[in-house]
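Structure record follows, encoded as C-alpha cells.
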Amino acid sequence: MKNSVLYILLLAIACCFSACHLFPQTVTRPIPDIESGPISLDFDYTNSITKSGWVRFMDLSEGIEDYEWDFGFQENGASVKSYTGAPKIRFPSNGHYNVKLVGISYKDDTLTVTKSVVVSNY
C-alpha cells in the first residue's frame with residue numbers, strides 16, 4: 001500500500017511539473033538587425049605637437065567595416081597606405097597632401113572621401 005501511494009504521489013508531481021512549465025522550452029526570438037544604421041565616411045586629423053611629421057587621423061565614419069587609407073606620398077616607390085580605422089602616420093615633410101580614404105560598409109557599399117591634409121609640424 002505504501003509503495004502504491006508513493007508511486008501515485010510521484011506520478012502526480014511529475015504531471016504537475018510538466019503542466020506548470022517549471023522547465024520551459026527554449027524560446028527562439030528574432031535577432032535584432034544591428035546592421036541597419038546610417039552609413040557615412042569621413043575623417044579629421046591633427047598634427048602632433050610633440051613629434052615632427054606625425055599626424056593622427058580620427059575616423060568620423062558610421063557603418064564602415066573596412067578601411068583603406070592612401071596618404072598621398074610614396075616611400076620606396078610605393079604609396080603609403082593603412083588599413084586601420086584611425087592611423088598615425090609620419091609624413092616626409094611639411095606640405096599639403098591629398099589623403100584618400102576608401103571605406104566598405106556593412107552593406108558592401110564602397111564610399112570614398114579625399115581631403116587636403118596640411119602637415120605643419122616640422
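- Between F91 and Y97, a ring centre-to-centre spacing shorter than 6.0 Å is recorded.
- A donor-acceptor pair is defined here as one N or O able to donate and one able to accept, closer than 3.5 Å; such a pair exists between the side chain of R90 and the backbone of S52.
- Under the rule for a side-chain contact (heavy atoms from CB on, under 4.5 Å), the partners of S116 that lie at least two apart in sequence or sit in another chain are H96, N98.
- Closest non-hydrogen pair, S61 versus I64, comes out as CB-CG1, 3.6 Å.
- Heavy atoms only, all atoms of each residue included: L111 and L41 are closest at O-CD2, 3.2 Å.
- Remark: F43 engages F57, W69 in a ring-ring contact (aromatic ring centres under 6.0 Å, His included) (not counting sequence neighbours).
- Side-chain atoms of N121 come within 3.5 Å of backbone atoms of W54 as a donor-acceptor pair (strictly under, hydrogens ignored).
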Checklist line | Step-by-step side-chain contact (heavy atoms from CB on, under 4.5 Å) determination, N47 to V119 | finding: CA-CA 7 Å; N47 286 275; V119 177; 3.9 Å; yes
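- Using a 4.5 Å heavy-atom cutoff, the side chains of V117 and V99 are in contact.
- Annotation: the span from R56 atom CZ to K51 atom NZ amounts to 9.5 Å, rounded to 0.5 Å.
- Once rounded to the nearest 0.5 Å, the distance linking CD of E68 with OG of S82 reads 9.5 Å.
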Next item on the list: Mind running side-chain contact (heavy atoms from CB on, under 4.5 Å) on M58 and D44 for me, showing each step along the way?
Entry: CA-CA 5 Å; M58 288 130 332; D44 201 0; 3.9 Å; yes
Next item on the list: Applying side-chain contact (heavy atoms from CB on, under 4.5 Å), run through T84 and Y67 and close with a yes or a no.
Entry: CA-CA 6 Å; T84 64; Y67 300 85; over 6 Å; no
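- Within the 4.5 Å cutoff, no side-chain heavy atoms of K100 are placed close to those of V113.
- Scanning all heavy atoms of the two residues, the minimum distance from Q74 to V80 falls at C-CG2, 4.2 Å.
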Next item on the list: Could you walk me through whether Y106 and I39 pass side-chain contact (heavy atoms from CB on, under 4.5 Å), step by step?
Entry: CA-CA 8 Å; Y106 62 83; I39 297 172; 3.8 Å; yes
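- Atoms CG and CG, from L101 and D59 in turn, are 7.0 Å apart once rounded to the nearest 0.5 Å.
- Here the closest heavy-atom approach between residue Y122 and residue G53 is recorded as CE1-CA, 3.3 Å.
- Side-chain contact of D42 with S40: a donor-acceptor pair under 3.5 Å is absent, judged by distance alone.
- Checked by atom type, the side-chain pair D66/Y83 shows no donor-acceptor distance below 3.5 Å.
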